[in-house]
Amino acid sequence: MKLNNSFYLRNNVTVIARQLLGKILVANIEDQAVSGMIVETEAYSEIEKGSHAYKGKTKRNEVMFGLGGVAYVYLCYGVHEMFNIVTNGVNKAEAILVRALQPMEGIDRMMKRRQVNSVKKITSGPGKLTQALGIDRNLNGISLTSDKVWIEDRGIIIKSKGIVSTPRIGIDYAGKDALLPWRFFIKGNEWVSK
DNA sequence: TACGTGATCACG
DNA sequence: GTGATCACGTAA
């Protein structure tokens, strides 16, 4: 079943980032739903330097400062769309970057969008999965209870022992906050980014 | 290991 | 207005 706002509005971004593992991200952008199981996430909060929200509200990050339960989508390195899930209440700027999925429905469609012939390459990274799902900045701020993008609980349980946490990727500029173990992934899953 | 790519932000 | 920087992916 589709997760509702009470899941996203809680005040603990790292707990939510762990709980998202094993949930199903579904996108229905061009009249065909495609989906994948979330296997890798990263938590970001305004209290640490790794986050876009650290220096306060700007045009780009303003949805992080709004109510949780919406998407934060931005362009990275001029090329890649990044999909994040905003959590917590108004003016508690937190978000979770979805870094990798295990493909479920619509694999043909996702391979076509990605223009690759290996299923391993379609959603095994944050820029890849948005391309596979058809997600871009037009969806910035969209509700995750909408009929375009949402997250489902299909009863898959990931035990605490099956979760690995490490420092986050690509945020060396954050100084000691780059060491926070706020990246989470399903141990041994083949689609975790490298 | 290098670099494309363009929005964004902190300057002025 | 301008320039440095960037929550990546790919080829090499």
Side-chain angles (χ1 to χ4, degrees), chain A residues 8 12-18 20-21 25 27 36 38-66 68 70-88 92-103 110-142 144 149 151 163-186 189-194:
Chain A
Y8 303 108
N12 197 326
V13 71
T14 56
V15 166
I16 301 172
R18 286 173 164 272
L20 281 168
L21 298 174
L25 175 59
I38 298 172
V39 302
E40 180 179 354
T41 60
E42 280 179 359
Y44 289 88
S45 169
E46 60 184 340
I47 65 169
E48 46 84 20
K49 287 190 194 143
S51 174
H52 289 167
Y54 181 68
K55 294 176 185 164
K57 194 195 284 190
T58 67
K59 182 137 192 177
R60 178 174 67 167
N61 68 22
E62 65 179 347
V63 307
M64 282 185 74
F65 288 83
V70 303
Y72 169 43
V73 186
Y74 69 92
L75 187 69
C76 181
Y77 294 104
V79 188
H80 305 110
E81 311 281 348
M82 297 284 122
F83 174 77
N84 298 253
I85 294 154
V86 178
T87 65
N88 214 336
K92 309 259 192 182
E94 296 185 326
I96 297 160
L97 173 66
V98 178
R99 287 191 57 87
L101 303 175
Q102 177 173 330
M110 292 194 277
M111 302 237 295
K112 199 168 174 187
R113 285 191 177 124
R114 288 274 301 129
Q115 309 229 28
V116 295
N117 55 12
S118 163
V119 71
K120 296 281 184 51
K121 295 183 181 170
I122 57 180
T123 55
S124 54
K128 299 181 199 176
L129 71 91
T130 52
Q131 187 179 27
L133 268 54
I135 290 171
D136 63 26
R137 284 157 289 166
N138 292 320
L139 297 178
N140 188 40
I142 196 172
L144 298 175
V149 189
I151 297 173
I163 299 175
V164 181
S165 67
T166 74
R168 295 165 293 176
I169 306 295
I171 56 160
D172 294 344
Y173 57 85
K176 70 173 171 41
D177 289 336
L179 301 175
L180 292 169
W182 284 12
R183 172 180 179 236
F184 306 98
F185 62 87
I186 297 177
N189 187 280
E190 292 186 275
W191 278 270
V192 171
S193 70
K194 294 171 188 75

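What you see is a predicted model, and the numbers here were worked out from it, not measured in a lab. Residue numbers begin at 1 in each chain, while the letters A, B, ... track the order of the sequences.
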K.L.:
Does the side chain of A/N140 come within less than 4.5 Å of A/V63's, by heavy atoms?
P.N.:
yes
K.L.:
Say you draw a straight line from CG of A/L97 to OG of A/S51; how long is it, rounded to the nearest 0.5 Å?
P.N.:
11.0 Å
K.L.:
Do you know which two heavy atoms are closest between A/Y8 and A/G68, and how far apart they sit?
P.N.:
CB-C, 4.2 Å
K.L.:
What distance separates A/L180 CG from A/T14 OG1, expressed to the nearest 0.5 Å?
P.N.:
10.0 Å
K.L.:
Listed in order of residue number, which residues of residues 79-88 of chain A have a non-hydrogen atom at under 4.0 Å from DNA chain C?
P.N.:
A/H80, A/M82, A/N84
K.L.:
Indicate, with a heavy-atom threshold strictly under 4.0 Å, whether A/R60 touches base, sugar-phosphate, or nothing.
P.N.:
sugar-phosphate
K.L.:
So does A/G50 get a backbone contact from the side chain of A/D177, meaning a donor-acceptor N/O pair under 3.5 Å?
P.N.:
no
K.L.:
Considering just the side-chain nitrogens and oxygens of A/R114, establish if one lies under 4.0 Å of OP1 or OP2 belonging to C/dT10.
P.N.:
yes
K.L.:
Do you know which of A/R114, A/Q115, A/R113 makes side-chain hydrogen bond (donor to acceptor under 3.5 Å, both in side chains) with A/Q131?
P.N.:
A/R114
K.L.:
Starting at the 5' end of DNA chain B and moving along, which residue's nearest nucleotide shows up first, A/N61 or A/Y77?
P.N.:
A/Y77
K.L.:
Do side-chain atoms of A/T41 reach the backbone of A/A17 as a donor and acceptor pair under 3.5 angstrom?
P.N.:
yes
K.L.:
Give the rounded distance in Å between these two atoms: CD1 of A/I122 and P of C/dG9.
P.N.:
14 Å
K.L.:
Would you kindly give the CD-to-C1' distance between A/E40 and C/dC8, to the nearest whole Å?
P.N.:
12 Å
K.L.:
With heavy atoms under 4.0 Å as the rule, sort A/G125 into base, sugar-phosphate or nothing.
P.N.:
sugar-phosphate
K.L.:
Just by distance, do the side chain of A/N88 and the backbone of A/A93 share a donor-acceptor pair under 3.5 Å?
P.N.:
no
K.L.:
Could you tell me the boundaries of the chain A footprint on DNA chain B, defined by atoms under 4.0 Å from its heavy atoms?
P.N.:
B/dG4 to B/dA10
K.L.:
In whole Å, I'd like the distance from the CG atom of A/L129 to the P atom of C/dC8.
P.N.:
12 Å
K.L.:
Using whole Å, what does the distance between atom C1' of nucleotide C/dA7 and atom NZ of A/K128 come to?
P.N.:
16 Å
K.L.:
With the criterion set at under 5.5 Å between ring centres and under 30 degrees between planes, would C/dA7 be stacked on A/Y44?
P.N.:
yes
K.L.:
Give the C-alpha distance, both sets of side-chain angles, the deciding distance and a yes or no for side-chain hydrogen bond (donor to acceptor under 3.5 Å, both in side chains) between A/K128 and A/S124.
P.N.:
CA-CA 6 Å; A/K128 299 181 199 176; A/S124 54; 3.2 Å; yes
K.L.:
May I have the distance from A/I169 (atom CD1) to C/dC8 (atom C1'), rounded to whole angstrom?
P.N.:
11 Å
K.L.:
How does DNA chain C look in dot-bracket notation if pairs are Watson-Crick or G-U with both distances under 3.5 Å, crossing ones as [ ], other-strand ones as |?
P.N.:
||||||.||||.
K.L.:
Does the A/E40 side chain pair with the main chain of A/S193, one donor and one acceptor, at a distance under 3.5 Å?
P.N.:
yes
K.L.:
Under 3.5 Å, is there a donor-acceptor pair between the side chain of A/R137 and the main chain of A/E81?
P.N.:
no
K.L.:
Please give, in whole Å, the distance from C/dA7 C1' to A/L75 CG?
P.N.:
12 Å
